[in-house]
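Scope of the values below: all heavy atoms of this structure, side chains included, with no hydrogens, waters or symmetry mates. Residue numbering restarts at 1 for every chain, and letters A, B, ... go by the order of the sequence lines.
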Amino acid sequence: MPVKTRIRQIAALLLVDRVRQRLGLTSETPTLHMSFTGNPGTGKTTVALRMAQILHKLGYIRRGHLISVTRDDLVGQYIGHTAPKTREVLKKAMGGVLFIDEAYYLYRPENERDYGQEAIEILLSVMENQRDDLVVIFAGYADRMDRFFRSNPGFRSRIAHHIDFPDYTDEELMAIAEKMLAAQSYRFDESGAAAFRDYIAARRKQPHFANARSIRNALDRMRLRQANRHFEQPGLVSLEDLMTISAADVRASRVFEMDQERAKGG
Amino acid sequence: MNVIDKKAQASGEKRSRYSAGVLEYRQMGYWDPDYQPKDTDILAVFRVTPQEGVDPVEAAAAVAGESSTATWTVVWTDRLTACDKYRAKCYRIDPVPNTPGSWFAYIAYDLDLFEPGSIANLAASIIGNVFGFKPLKALRLEDMRLPVGYVKTFQGPATGIVVERERLDKFGRPLLGATVKPKLGLSGRNYGRVVYEALKGGLDSTKDDENINSQPFMHWRDRYLYCMEAVAKAEAATGEVKGTYLNVTAATMEDMYERAEFAKDLGSVIIMIDLVIGYTAIQSMAKWARKNDMILHLHRAGHSTYTRQKSHGVSFRVITKWMRLAGVDHIHAGTVVGKLEGDPNMTRGYYDLCREDFNPMRLEHGLFFDQHWASLNKVMPVASGGIHAGQMHQLLDMLGEDCVLQFGGGTIGHPAGIAAGATANRVALEAMIFARNAGRDIMREGEDILEAAAKKCLPLRQALETWKDVTFDYASTDTPDFLPTATAAE
Amino acid sequence: MRNTQGCFSFLPDLSDDEIRTQVQYCIEKGWAVNIEFTEDAHPRNTFWEMWGLPMFDIKDAAAVMLELDSCRKVHADDYIRVSGFDSTHGWESLRISFIVNRPKKEPRFRLQRTEGAGRTVRYSLETEPAD
């Protein structure tokens, strides 16, 4: 199911719940904690920010801000360090959304005395007792998250909504690239667009592919190459030139080279 | 020949600046419309009302001259000095809005004209001879701009608002006080009773009135001894720091120091003086207060003789500025709603002068200049005279929380006694602060908030009942000449 | 005896919801919120014990209530106060302070008198033990 549909469903449920609560049909504060699973660059953080706004507008959280953390922000280095760190983060997030990226790193079964367990216990207690004050969103790869919840069933029972973020298709990534460029007053010319389609196909096959994030990084490098191209060419540069990313700016990427090597090697 | 005389001026042919005889002030260099005031100049604005037939520019130049280097005739000894620098320069005159015959004259004084750190010296120049000058029908000092270099030569308030609050351990609300009444006639023992009841009931402090010094019915030592017993007992009964403003005003500095020392020995945190002791005595007491960890309360007794009328005298905002320099911690600055003179806009100006580190020019509040205070301590303004618990929302809205509210009659006149009166005021205040902080609109809901608090507090219910209709709704005499106008910044 | 230090001691003891309104006021003013406790609320006892560091970057009163709850668990029979600290230049001190917890039986203060020459008396307060 597309992410957008899932969010619309959740929002509809929350809105109806709110109305039912006002009419006295229900009195319990629903559990709102969520898990967002998917590969990097599939929009989890962006959607979490939107979700914070939705929850705020519907009156489920009082402030609507989002605090994004990872294991290092919650877990300390020495004994007695973790509880204050976790509480500090929780206090900052109160009234809003706490977004824990790659939450499964909190749990390290291989190390019996890992301080992550302490953070997990504090999180669980606040998630249960202060449902009015805070919504927690766990994010990360689907498979690892699954293992994490299986080892910590306390979380599974306290999480109401799961949203899966699939990888973007090539066409979606192309549309994302064009939007990103337009936001900075750039655009592809015809050859540039064709080259970038090839780029997407090649990049996807390579390691550390991170969906929209990889696209953003690629565009940053292409803008750099475009600037250098104009700088080194003699003669006048037109307004049109300043706005255009061409095939040359795209095809100079090492991704193409590596793709050919792969093809030869394979 | 009149010194300022249009005919003389018309017939006077051009002659050298320093030849003996009489010259117009403006010809002597006291009028200079092209002068650009320096950041280090002391600036003053006067309301000048010349006699019939006297040219306003010449009158304004005369004010500049008579408040600086000039005399009525040319003196050759000017040429032994850097007289161009020492001459005050009137650089601008504006007609007073809606007041034919009066002008605002802006005058710049070089900093070298003044002794550092001396209000007496400043006053001797700026409001010295010049106020009796015959060609003027009336003259009023409206405002002054004191340059940072000059401000820094003064000690400033001995304690300041922040440290006063820290010493008293009282934050987040106005301080509550009461002036002991009747102001004259109580014996020391009876006087101390009033103090004890008021403090135990919930006030933070009580206060001597301006004319309680050392009279046949109560000598000062008696008063101090009984009052400090009352303070100590009230502290024990409440767990709070309490105080009473012991008036040390006396005939001589020696007497005042003796009284202040005695107050300190008895453990008082605060003493009090009257404005009538004079600027030098005030500065001396401010230094004493700084040295002895004492809060210094100033009662502005006497100021209305020269501040109240718009045409002649000195504006209270100038007195406020001088007192902040001189170093008092408290100054009575008006209540707006009480029994004494106080236009809301002008009062706002005085409160801002006491409490801000920078006052931007605001004509509608009577502030003619930007004023930087260079981190000089802040003065706690005191609202006193004819106020009661039923006005709490108005007082808090207009005066803010960094002030002292003195409910004299409004405490001691309570039908159920002094302690009940004090409790009524304290409950009203705390309920109002709580409601404001909780986001309620106290100006709209003030009366409801008081009523709700009164449901749980009989003394407040009685107070509201007793004084509900008391107002002092008279026109102010000292009002702004300028209406608020929208500016780009707003 | 009811100790009347702080901003709201003349009102009935504040409920948690009421405390929240005042804490939120502090947060919206940009003040750091501090929790302190003591068993000796003598008027000259300036430095009560701090329950952790002042809370600087919080957005919602729930954060303070979380700490207040744990402080109350340990110090149910002590005085606890909440204060708001304003670091603006020229103030750099507390802006508000109020009591949120009191001992079941509040200690009294005994007034000690030391008589001196010339009818003078020196006063000091001693906190009486609770029982």
Side-chain angles (χ1 to χ4, degrees), chain B residues 160-163 165-173 200-202 221-222 224-225 228-229 231-233 235-242 262 265-267 355-358 373 375-378 401-402 422-431 433-440 453 456-457 460, chain C residues 1-12 14 17-18 20-26 28-29 31 40-46 79 81 83-86 88-99 106-113 116 118-128:
Chain B
I161 291 179
V162 178
V163 175
R165 284 194 174 282
E166 289 184 339
R167 275 192 209 159
L168 303 181
D169 189 32
K170 294 172 194 289
F171 304 94
R173 61 170 175 86
K200 185 183 62 173
R221 280 181 61 97
D222 260 350
Y224 289 16
L225 285 163
M228 289 316 295
E229 180 179 357
V231 168
K233 278 178 68 78
E235 288 189 347
T238 62
E240 285 185 82
V241 179
K242 302 279 186 182
F262 191 56
D265 288 348
L266 294 176
R355 298 187 297 202
E356 304 297 326
D357 193 44
F358 170 69
W373 288 103
S375 299
L376 215 63
N377 280 345
K378 302 169 194 347
E401 66 186 37
D402 286 312
T423 303
N425 289 319
R426 179 79 175 264
V427 170
L429 177 65
E430 293 192 359
I433 291 278
F434 182 90
R436 182 200 65 180
N437 297 359
R440 295 183 65 184
K456 295 178 198 150
C457 174
L460 179 56
Chain C
M1 159 210 132
R2 185 176 176 85
N3 189 309
T4 53
Q5 291 173 21
C7 214
F8 304 122
S9 285
F10 274 73
L11 304 180
L14 303 184
D17 281 344
E18 288 173 326
R20 250 175 234 274
T21 64
Q22 302 301 307
V23 170
Q24 196 61 41
Y25 173 76
C26 296
E28 267 146 39
K29 290 274 183 184
W31 305 337
D40 178 20
H42 187 284
R44 293 290 159 87
N45 177 12
T46 308
Y79 289 98
R81 72 184 173 198
S83 55
F85 188 98
D86 178 5
T88 309
H89 171 250
W91 196 269
E92 292 147 303
S93 184
L94 298 185
R95 283 283 190 183
I96 190 171
S97 169
F98 53 99
I99 292 177
E106 296 192 48
R108 296 167 164 278
F109 299 105
R110 180 201 296 278
L111 188 62
Q112 305 277 12
R113 296 181 175 81
R119 293 177 57 235
T120 58
V121 181
R122 300 205 171 255
Y123 302 95
S124 61
L125 299 192
E126 204 170 274
T127 312
E128 283 190 350

Check: What's the shortest heavy-atom distance between Phe171(B) and Leu94(C), and which atoms?
Finding: CD2-O, 3.3 Å
Check: Just wondering, do Phe98(C) and Asn437(B) contact through their side chains at under 4.5 Å, heavy atoms?
Finding: no
Next item on the list: For Glu401(B) and Arg95(C), work out which heavy atoms get closest and say how close.
Entry: OE2-O, 4.0 Å
Checklist line | Arg167(B) versus chain C, the contacting section by heavy-atom distance below 4.5 Å | finding: neither
Check: Highest number of heavy-atom pairs under 4.5 Å with chain C: which of Val427(B), Leu225(B), Val241(B)?
Finding: Leu225(B)
Next item on the list: Please state whether the side chain, the backbone, both or neither of Glu166(B) comes within less than 4.5 Å of a heavy atom of chain C.
Entry: side chain
Next item on the list: Measure Lys170(B) against the heavy atoms of chain C and call it side chain, backbone, both or neither at under 4.5 Å.
Entry: neither
Check: Is a donor on one side and an acceptor on the other found under 3.5 Å between the side chain of Arg165(B) and the backbone of Ser93(C)?
Finding: no
Next item on the list: Please flag which part of Ala453(B) lies under 4.5 Å from any non-hydrogen atom of chain C: side chain, backbone, both or neither.
Entry: neither
Next item on the list: Apply side chain to side chain contact (heavy atoms under 4.5 Å, CB included) to Trp91(C) and Asp402(B), showing your working.
Entry: CA-CA 12 Å; Trp91(C) 196 269; Asp402(B) 286 312; 3.5 Å; yes
Note to self: Out of Arg2(C), His42(C), Lys29(C), Glu18(C), return the one with the most heavy atom pairs under 4.5 angstrom to chain B.
What the structure shows: Glu18(C)
Note to self: Quick check on Phe262(B) against chain C: is it the side chain, the backbone, both or neither that has a heavy atom closer than 4.5 Å?
What the structure shows: side chain
Check: Taking the side chain from Gln22(C) and the backbone from Phe434(B), do they hold a donor-acceptor pair closer than 3.5 Å?
Finding: yes
Notebook entry, point to check: Non-hydrogen atoms of chain C under 4.5 Å away: do they reach the side chain of Leu168(B), the backbone, both or neither?
Noted result: neither
Check: Any idea which heavy atoms bring Gly201(B) and Phe10(C) closest together, and the distance?
Finding: O-CE2, 3.4 Å
Check: Non-hydrogen atoms of chain C under 4.5 Å away: do they reach the side chain of Ser375(B), the backbone, both or neither?
Finding: side chain
Check: Looking at NZ of Lys242(B) and OG1 of Thr4(C), how far apart are the two atoms once the value is rounded to the nearest 0.5 Å?
Finding: 5.0 Å
Checklist line | Exercise: identify the closest heavy-atom pair between Gln5(C) and Glu240(B) | finding: N-CG, 3.7 Å
Notebook entry, point to check: Between Glu430(B) and Gly6(C), which heavy-atom pair has the shortest distance, and what is it?
Noted result: OE2-O, 4.0 Å
Item checked: Contacting region of Arg44(C) [heavy-atom separation from chain B under 4.5 Å] -> side chain
Notebook entry, point to check: Closest heavy-atom contact between Leu125(C) and Ala232(B)?
Noted result: CD2-O, 4.2 Å
Check: When rounded to the nearest 0.5 angstrom, what distance separates CD1 in Ile96(C) from CD1 in Ile433(B)?
Finding: 7.5 Å
Note to self: Donor-acceptor pair, distance only, cut-off 3.5 Å: does the side chain of Arg122(C) make one with the backbone of Asp265(B)?
What the structure shows: yes
Next item on the list: Please determine, among Lys233(B), Arg221(B), Glu229(B), the option with the most heavy-atom pairs under 4.5 Å with chain C.
Entry: Glu229(B)
Note to self: Does any part of the side chain of Leu266(B), heavy atoms only, come nearer than 4.5 Å to the side chain of Thr120(C), both counted from C-beta?
What the structure shows: yes
Note to self: With a 4.5 angstrom heavy-atom cut-off, is it the side chain or the backbone of Asn377(B) that approaches chain C, or both, or neither?
What the structure shows: neither
Item checked: chain B contact via Arg108(C) - which portion, at a heavy-atom distance below 4.5 Å -> neither
Item checked: Residue part contacting chain B, namely of Arg119(C), when any heavy atom lies under 4.5 Å -> both
